[in-house]
Number of protein chains: 2
Amino acid sequence: MTTEISVEEMEAARNRTSSLIHNTPIMKSEKIDDKVGAKVLFKCEHLQKTGSFKARGALNSAILAKEQNAKGVIAHSSGNHGQALAWAAQKVGLPCTIVVPKNAPNSKVEGMKEYNADVVFCEPTMSSRESTCAEMAEKLGYYYVDPHNCVTMINGHAIGGGGFAASVAFLIGNLRPDIEVYLVEPEEKNLANLLENGIQCASETLNTIADGVRVAHVGSLCEPILKKYCTRTVVSVKEEEIRDALKLIWTRTKQRIEPTAALAFAGVLYHKPDHVKKALVILCGGNVDTDYVIN
Amino acid sequence: MTTEISVEEMEAARNRTSSLIHNTPIMKSEKIDDKVGAKVLFKCEHLQKTGSFKARGALNSAILAKEQNAKGVIAHSSGNHGQALAWAAQKVGLPCTIVVPKNAPNSKVEGMKEYNADVVFCEPTMSSRESTCAEMAEKLGYYYVDPHNCVTMINGHAIGGGGFAASVAFLIGNLRPDIEVYLVEPEEKNLANLLENGIQCASETLNTIADGVRVAHVGSLCEPILKKYCTRTVVSVKEEEIRDALKLIWTRTKQRIEPTAALAFAGVLYHKPDHVKKALVILCGGNVDTDYVIN
């Protein structure tokens, strides 16, 4: 299995997965451009297979696991990573088990089951997720696809806990250093304190409507990448700013994205530096229950 | 002003409006194909300018009104037609007044105001809408763009009350008679009784969550077209079928369409004839309040 994060491995991952991955569209809205005072492009990864960008890294990981004759794949996930891995495993013909915290959104759990994954519930803490997953992985002999710190996921362009940001930052930083990569976070995360002073967030879980980024810890693979490329481009947003951004995207683009996918746009809407005249916002996922409203 | 519905006028309308109108994408979902048992393509007119297909006919009408040196344009509308006409008037530089029933969704009224239309409220009945609109039109000397029975709208591909259906049925019936055009209606409308027996619906307003088709009456321009092309292809759906269709579209395509836009898909989902192996569903609009949920 690959152990290196590199532009070459990212390109190999792209080639390996391209026949099954959507080339998602880019959308825009004149009304939003007017409001922000800059051109805003939305990259629609919520229209990716399984409703999030995580299908990219999950498929890369599942293909490589299959090549290594793994008996199956396993991960812990509150939703998008689990759906993505379940889908990827089904595509390559491997069994899949997902360990899910009991408070995960129902639409995401249903999504996993529809791709024939075995779902095992655990307590909604990181330690319960990790220990349950480790036990099951050993018992079943499945390959573990870490949702926060995994080379094949990052090379495949994916995952929360810094992995997606690290993936994008690494690739853009290498190929297009003229483009700035901004990281938008719920303010409680305080990523600047980690990148500048080496101090991890005191909380294990963030209290935010952006459920896809509630894990506060940044993985050891991601931290040096973010430090190198994004130390001066961390943007902290308030919960009400995420809500406003979500409302504006729903209203103007008609895209039913999930709250986490509004995080990046909240940064553009409320904290865009004056020199930025054009912003690409990645709408990372769209897996939200049908009865979900913004409160 | 044009007084004829024809393929030539439809093509002229298309050329006249094309620089300002979106060529909206077509989306699909493997999960939906599996569920329906046929290939389903979604034409995304909810991503059209102003959030509905009505921008097409409204712009055609506003351009022609401007060419005729009209002082302004006026219409009555519960939402999408009003937003579309307000936008179109702003684009061509004409003043615009919209008469709105008091119970119209707030997001649609706000949309009209953002395009600088003057909004005048009336009672939520068709007679109040029509009389208020006629008075205002005379007082202001504005050109009246009828939302239900208007040649420039139909030629521009637009409007509820049968206009949109008539427009599509007319064009497809002339250019591609091998393609069947199905009309999906809330069951209370009983369009079959009109087309087969000449009997208009007894109600003035339908009791349906599909607020864009609550007007029960079919206009005199539309009736003969629908009779000619669609007498045998009317599909009636129940309210719960519209709800299910809306949920499935929100969940699977991530498109935050409005309830009316789920009507056509409800027909495909629950009443698709066996011989139909591929269906194009037009998602007609996406103007829905952010706090709207399916109940």
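Each chain gets a letter, A, B and so on, in the order the sequences are listed, and its residues count up from 1.
Between A:Lys247 atom NZ and B:Asp291 atom CG the span is 8.5 Å, to the nearest 0.5 Å. Of the inter-residue distances, the one linking B:Trp250 atom CH2 with A:Asp289 atom CG reads 12.0 Å to the nearest 0.5 angstrom. Of the inter-residue distances, the one linking B:Glu110 atom CD with A:Thr251 atom OG1 reads 10.5 Å to the nearest 0.5 angstrom. Here the OG1 atom belonging to B:Thr290 is positioned 13.0 Å from the CD1 atom belonging to A:Ile249, to the nearest 0.5 angstrom.
For A:His46, the side chain to side chain donor-acceptor pair (under 3.5 Å) partners two or more places apart in sequence, or in a different chain, are A:Gln255.
Counting heavy-atom pairs closer than 4.5 Å to chain A, the top residue among B:Met27, B:Glu30, B:Lys31 is B:Lys31.
Using a 4.5 Å cut-off between heavy atoms, B:Thr253 touches chain A through its backbone atoms (N, CA, C, O) alone.
Annotation for A:Asn207: atom CG does not count as buried by contact number, only 12 or fewer foreign heavy atoms lying within 6.0 Å.
A salt bridge links A:Glu114 with B:Arg252: the distance from a Lys NZ or Arg NE/NH1/NH2 to an Asp or Glu carboxylate oxygen falls below 4.0 Å.
Applying side chain to side chain contact (heavy atoms under 4.5 Å, CB included) to A:Lys254 and the options B:Val288, B:Asn287, B:Ile257 leaves one that passes, B:Asn287.
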